[in-house]
*Asks:* 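I am attaching a structure below and will ask some questions about it afterwards.
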Amino acid sequence: MNKFNDSSFREKAYSLRQQFWQNKVFLRGIVEFSNFCRQDCLYCGLRASNSILPRYRLDYDTIFNCSKAVKELGINTVVLQSGEDTSYDAKSFANLISKIKIELDLAITLSLGERTKEDYELFKKAGADRFLLKIETFCEKNYAFLRPNKTLKERLTCLENLRHLDYDLGSGIIAGLPNDTEKTLNISCEKLAALELDMISISPFTAHKDSPLAKHENFDANSTINIMALMRCLSPKAHIPVTSALSLHGEHIRLEALKYGNVIMPSLTPENFRTNYAIYDGKNDQVLSPVARAKDIEKSLITNGYVLGSGYGQAYRRLK
Ligand code: SAH
Ligand code: SF4
């Protein structure tokens with residue numbers, strides 16, 4: 001199944017996007033700091049069993065310098081994302097968070113997978129503001145199949161731990177995973193809405209050639225936009241990014257998706273590493289340098305009548 005044909009939400013979704021976010025787009029600079037991962041998700045090229053992938057991890061100074069590049073672009077949020085790489089111990093990572101916070105005054109989003117409640121607490125106290133932890137699929141059985149040795153319950157517990165620590169909370173799904181149907185995707189959207197999230201990410205499944213799902217059909221771009229529109233109707237105030245997997249389909253798709261979504265996350269991962277952040281085929285395959293690409297996106301937004309969101313691009317409930 002690679003389609004979600006119901007586009008009936010688009011008109012309502014567009015008016016809700018205008019009501020809550022007008023024509024603003026919030027940029028977040030993402031630094032993909034390590035592609036080592038202890039998990040083995042069937043859909044992902046970074047999975048531990050992928051022995052072909054050259055691995056990299058950035059040291060703390062390099063991550064700081066990439067965050068500085070985000071700041072220098074005038075972007076006020078950095079997203080620190082990685083595979084589940086426990087070689088970054090919680091204390092040292094918390095020190096990095098404090099340094100970014102104090103010296104660069106950026107909002108910090110973390111997207112580094114499952115950690116203990118204590119680690120999440122240390123990161124929050126050090127100055128992390130937000131966390132993105134996607135549920136991927138709400139079907140318990142499918143979850144256990146796609147994420148070996150992991151359970152949906154554990155993932156939901158992590159999300160609740162983050163909520164209690166007062167993080168701005170982001171989650172989402174991959175659309176078009178094996179066993180997805182229009183019905184399961186509708187249910188996932190309702191469940192995402194019930195979680196009262198600050199940010200909701202819908203990625204189209206995009207195969208990685210060296211993963212067990214290499215031959216599974218990619219999810220269609222217009223169907224992904226239909227789901228984003230449905231999500232805008234169910235959670236009108238949420239930040240909804242146009243994911244990099246969707247942006248792969250070209251600028252016209254990115255602009256169409258922005259009628260319902262309001263966030264873009266250009267990658268500021270150094271050029272010599274970024275193609276190895278190979279979650280799916282084509283990820284970070286751009287010709288332009290990271291900074292030139294971020295500027296290019298900015299230019300295209302302004303040409304198309306969008307305004308860059310100012311401030312930290314906070315969750316709606318935090319806005320005064
Ligand atoms: N390791 C962390 C964060 C990095 S992965 C974690 O898993 O939470 C970031 C996101 O990439 C995942 O949440 C998943 O939604 C997305 N992803 C992984 N493989 C994908 C694929 N084949 N197609 C589309 N999105 C994918
Ligand atoms: Fe690791 Fe995240 Fe990829 Fe799963 S989705 S293998 S946890 S990087």
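Ligands are counted one by one from 1 in listed order, and the atoms in each one are counted from 1 as well.
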*Asks:* What I'd like to find out is whether the side chain of Arg10 reaches to under 4.5 Å of the side chain of Glu256, using heavy atoms alone.
*Replies:*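 The answer is yes; the side chains approach within 4.5 Å.
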*Asks:* Please verify whether a non-hydrogen atom of Pro204 lies at under 4.0 Å from ligand 1.
*Replies:*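 The answer is yes, since Pro204 has a heavy atom less than 4.0 Å from ligand 1.
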*Asks:* Give the residue and atom name of whichever protein heavy atom lies nearest to atom 23 (N) of ligand 1, and the separation in Å to one decimal.
*Replies:*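 Of every protein heavy atom, Thr206 N, 3.1 Å lies nearest to atom 23 (N) of ligand 1.
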*Asks:* Closer than 4.0 angstrom, basic N to acidic O: yes or no for Glu114 and Arg155?
*Replies:* yes
*Asks:* Do the side chains of Glu84 and Arg115 get close enough for a salt bridge, i.e. N-O under 4.0 angstrom?
*Replies:*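 Here Glu84 does not pair with Arg115 in a salt bridge, since their nearest N and O are not under 4.0 Å apart.
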*Asks:* Among all the protein's non-hydrogen atoms, which is closest to atom 3 (Fe) of ligand 2, and how far away is it?
*Replies:* Cys44 SG, 2.4 Å
*Asks:* Working note: Thr206 + Asp281, criterion side-chain contact (heavy atoms from CB on, under 4.5 Å); need CA distance, chi angles, decisive distance, verdict.
*Replies:* CA-CA 7 Å; Thr206 310; Asp281 288 339; 5.6 Å; no
*Asks:* Within a distance under 4.0 Å of any heavy atom of Glu136, pick out the atoms of ligand 1 and give their elements.
*Replies:* 12 (C), 13 (O), 14 (C), 15 (O)
*Asks:* Heavy-atom contact check, 4.0 Å cutoff: does Glu136 meet ligand 2?
*Replies:*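 For ligand 2, residue contact (heavy atoms, under 4.0 Å) with Glu136 is absent.
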*Asks:* Given that the side chain starts at C-beta and the backbone is N, CA, C, O, which of these parts of His208 lies under 4.0 Å from ligand 1, counting heavy atoms, or is it both or neither?
*Replies:* neither
*Asks:* What protein heavy atom lies closest to atom 1 (N) of ligand 1? Include the residue and the distance to one decimal.
*Replies:* Ser82 O, 3.1 Å
*Asks:* Heavy-atom contacts with Phe205 under 4.0 Å: which atoms of ligand 1 show up? List them by number with element.
*Replies:* 22 (N), 23 (N)
*Asks:* Which residue supplies the protein heavy atom nearest to atom 20 (C) of ligand 1, what is that atom called, and how far is it?
*Replies:* Ile279 CG2, 3.5 Å
*Asks:* So, Phe205 versus Tyr43, ring centres under 6.0 angstrom or not?
*Replies:*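 No - the distance between ring centres of Phe205 and Tyr43 does not fall below the 6.0 Å cut-off.
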*Asks:* With only distance considered, is Tyr43 within less than 3.5 Å of ligand 1 through an N or O on each side?
*Replies:*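 Yes; at least one N/O pair falls below 3.5 Å.
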*Asks:* Go through ligand 1 atom by atom and flag the ones less than 4.0 Å from a non-hydrogen atom of Arg155.
*Replies:*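 Listed by number with element, the hits are 6 (C), 7 (O), 8 (O).
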*Asks:* Any N/O of Ser111 closer than 3.5 Å to an N/O of ligand 1?
*Replies:* no
*Asks:* Within ligand 1, which atoms have a heavy atom of Cys44 less than 4.0 Å away?
*Replies:*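 Listed by number with element, the hits are 19 (N).
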*Asks:* If we set the cut-off at 4.0 Å for heavy atoms, which region of Tyr277 has an atom near ligand 1: side chain, backbone, both, or neither?
*Replies:* side chain
*Asks:* Can an N or O of Arg147 be found at a distance shorter than 3.5 Å from an N or O of ligand 1?
*Replies:*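 No, there is no polar N/O contact under 3.5 Å.
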*Asks:* Is the gap between the ring centers of Phe33 and Phe93 under 6.0 Å?
*Replies:* yes
*Asks:* Under a 4.0 Å threshold between the charged nitrogen and the carboxylate oxygen, would Arg318 count as salt-bridged to Asp129?
*Replies:*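 Salt bridge: no.
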*Asks:* Which of the atoms of ligand 2 are close to Arg47, meaning less than 4.0 Å from one of its heavy atoms?
*Replies:*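 In order of numbering, the contacting atoms are 6 (S).
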*Asks:* Is there any N or O on Gln81 that sits under 3.5 Å from an N or O of ligand 1?
*Replies:*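 It does not: no N or O of Gln81 is found under 3.5 Å from an N or O of ligand 1.
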*Asks:* Would you kindly specify which portion of Gln39 sits under 4.0 Å from ligand 1, judged on non-hydrogen atoms: side chain, backbone, both or neither?
*Replies:* neither
*Asks:* Before giving the answer on side chain to side chain donor-acceptor pair (under 3.5 Å), spell out for Lys134 and Ser203 the whole-Å C-alpha distance, their side-chain angles and the decisive distance to 0.1 Å.
*Replies:* CA-CA 10 Å; Lys134 289 172 69 177; Ser203 314; 2.5 Å; yes
*Asks:* Is it the side chain, the backbone, both or neither of Glu32 that has a heavy atom closer than 4.0 Å to ligand 1?
*Replies:* neither
*Asks:* With heavy atoms under 4.0 Å as the rule, classify the contact between Ser201 and ligand 1 as side chain, backbone, both or neither.
*Replies:* neither
*Asks:* Ignoring hydrogens, tell whether any protein atom lies closer than 4.0 Å to atom 3 (C) of ligand 1; use the non-hydrogen atoms only.
*Replies:* yes
*Asks:* So, the side chain of Arg28 versus the backbone of Gly313: is there a donor-acceptor pair under 3.5 Å, distance only?
*Replies:*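 Yes: the side chain of Arg28 pairs with the backbone of Gly313.
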*Asks:* From Ile279 CD1 over to Asn35 CG, what is the distance, rounded to the nearest 0.5 angstrom?
*Replies:* 9.5 Å
*Asks:* Which is closest to atom 4 (Fe) of ligand 2 in terms of heavy atoms, Ala278, Cys41, Cys37?
*Replies:*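 The option holding the nearest heavy atom is Cys41.
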*Asks:* Any carboxylate oxygen within less than 4.0 angstrom of a Lys/Arg side-chain nitrogen, looking at Glu121 and Lys124?
*Replies:*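 No.
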*Asks:* Would Phe131 and Phe123 count as a close aromatic pair, with their ring centres under 6.0 Å?
*Replies:* no
*Asks:* Among Glu140, Arg147, Lys141, find the residue that satisfies the side chain to side chain donor-acceptor pair (under 3.5 Å) test when tested with Tyr143.
*Replies:*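 Considering Glu140, Arg147, Lys141, a side chain to side chain donor-acceptor pair (under 3.5 Å) with Tyr143 is found only for Arg147.
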*Asks:* State whether Asp85 and Arg57 are salt-bridged, where the test is any N-O pair (Lys NZ or Arg NE/NH1/NH2 against Asp/Glu carboxylate O) under 4.0 Å.
*Replies:* yes
*Asks:* Can you name the atoms of ligand 2, numbered from 1 with element, that are less than 4.0 Å from a heavy atom of Gly83?
*Replies:* 8 (S)
